[in-house]
Amino acid sequence: MSSAPLWVVKLGGSLWHAPELRSWLEILAAARRLRVVIVPGGGPFADAVRDAQPALGFGDRAAHRMALLAMEQYGTALADLEPRLAPARSLADLRGRPSPTVWMPLPLADNADVAESWDVTSDSLAVWLAGALGAACAVLVKSVPLPDAAAPVGHLVTEGVVDPALPDRMARYGGAVWCVSRDDHRRFAKALDQGNPCGTRLALAADDRDADGQGADGQNADG
């Protein structure tokens, strides 16, 4: 297993139609100083699940698994767009592969630590994965403008930038969680090369806890 520090980087589903997406993929695929695991959002694939649930009437258990499959669809597309990215499902593969990888999260469907709910997005799942892998940090790439300073995570929850379960998941993780805007990829590339995250570091207040808000890849402003 490589001893290089590991970053978990979530690419939001909202980037699927953004011109910056390919730049992000190139930057992450070229990482050498650090190991990188990409967490795909759900994008339009998760939107389809969310829209279909009330029409078809399937339950949250099915929606949970379908949302994870939506992340896999987006992840499959990312790996096809950038062949240097290797898909991986198991924690052992994610820990052991030196090349940048894309997480395929369907095995998470049987993990009791993640509830079957729309209350969280791939933001919280990225931080869950960072904790499971012992990653140095989790970075959430967002489509919305962000302050270039520390920000209370509770405020970003209220603004719909991150999901309501993220504060509790951050508390369990205990590591650093950063947000960076999608158009800040050039500065992120330098930060990745230097091994120092950039952007907005999320600050956890004592009351920023939501013990019940855990689940599959729901959709907020960033999907």
Side-chain angles (χ1 to χ4, degrees), residues 5-21 23-25 27-28 31 34 36-43 46 71 74-75 78 100 102-103 105 119-131 133 135-205 207-210 213-215 217-223:
L6 171 65
W7 287 12
V8 170
V9 180
K10 175 260 176 124
L11 288 180
S14 61
L15 272 71
W16 75 273
H17 52 57
E20 297 88 354
L21 177 60
S23 295
W24 278 100
L25 293 174
I27 289 166
L28 294 170
L34 303 170
V36 172
V37 171
I38 297 172
V39 173
M71 291 175 65
Y74 188 44
L78 298 181
V102 179
W103 182 40
D119 289 342
V120 309
T121 71
S122 49
D123 290 343
S124 286
L125 296 184
V127 175
W128 175 90
L129 185 65
L133 295 175
C137 68
V139 180
L140 313 177
V141 182
K142 294 287 177 179
S143 291
V144 296
L146 295 161
D148 193 14
V153 66
H155 174 70
L156 296 185
V157 169
T158 301
E159 294 294 315
V161 177
V162 297
D163 65 63
L166 188 60
D168 179 70
R169 188 54 66 183
M170 284 175 57
R172 297 187 188 200
Y173 169 42
V177 179
W178 296 76
C179 285
V180 62
S181 296
R182 76 182 190 197
D183 58 358
D184 210 8
H185 50 280
R186 293 182 182 87
R187 186 160 68 110
F188 179 84
K190 294 180 181 178
L192 188 65
D193 184 61
Q194 296 169 356
N196 296 313
C198 67
T200 303
R201 180 163 180 170
L202 303 191
L204 187 65
D207 57 350
D208 283 338
R209 308 294 170 94
D210 179 12
Q214 303 156 41
D217 182 42
Q219 297 294 296
N220 65 358
D222 202 57

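Small disclaimer: the values here were computed from a predicted structure and weren't measured.
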Who pairs with [X] by side chain to side chain contact (heavy atoms under 4.5 Å, CB included), at least two apart in sequence or on another chain?
X	answer
A136	W7
A150	none
W16	P44, Y74

State, with a plain yes or no, whether a side-chain heavy atom of [X] is found less than 4.5 Å away from one of [Y].
X	Y	result
I38	P100	no
M71	V39	yes
V153	M170	yes
V141	V9	yes
L6	L34	no
L25	L78	yes

In Å, rounded to the nearest 0.5 Å, how long is the span from [atom1] of [X] to [atom2] of [Y]?
X	Y	atom1	atom2	answer
L146	C179	CG	SG	5.5 Å
E20	S143	CD	OG	8.0 Å
W24	L11	CH2	CG	7.5 Å
R169	D123	CZ	CG	12.5 Å
N196	C137	CG	SG	9.5 Å
F188	L28	CZ	CG	5.5 Å

N/O donor-acceptor pair under 3.5 Å between [X] side chain and [Y] backbone:
X	Y	result
D163	T121	yes
S124	L166	yes
K142	G12	no

What salt bridge (Lys or Arg N to Asp or Glu O under 4.0 Å) pairs are there with at least one residue in residues 186-198, not counting sequence neighbours?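 Matches after skipping sequence neighbours: D148-R187, D184-R187.
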So which heavy atom on [X] is nearest to which on [Y], and how close?
X	Y	answer
I27	L192	O-CD2, 3.8 Å
P164	P167	O-CD, 3.3 Å
A138	A130	CB-CB, 4.0 Å
G41	S122	CA-OG, 3.4 Å
V8	A126	CG1-O, 3.6 Å

Considering residues at least two apart in sequence or located in another chain, which fulfil the side chain to side chain donor-acceptor pair (under 3.5 Å) criterion with W128?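 Testing W128 for side chain to side chain donor-acceptor pair (under 3.5 Å), a comparison that skips the adjacent residues, returns D113.
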With V161, the side chain to side chain contact (heavy atoms under 4.5 Å, CB included) member among L202, L156, L140, T200: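 Going through the options one by one, the only one that passes is L156.
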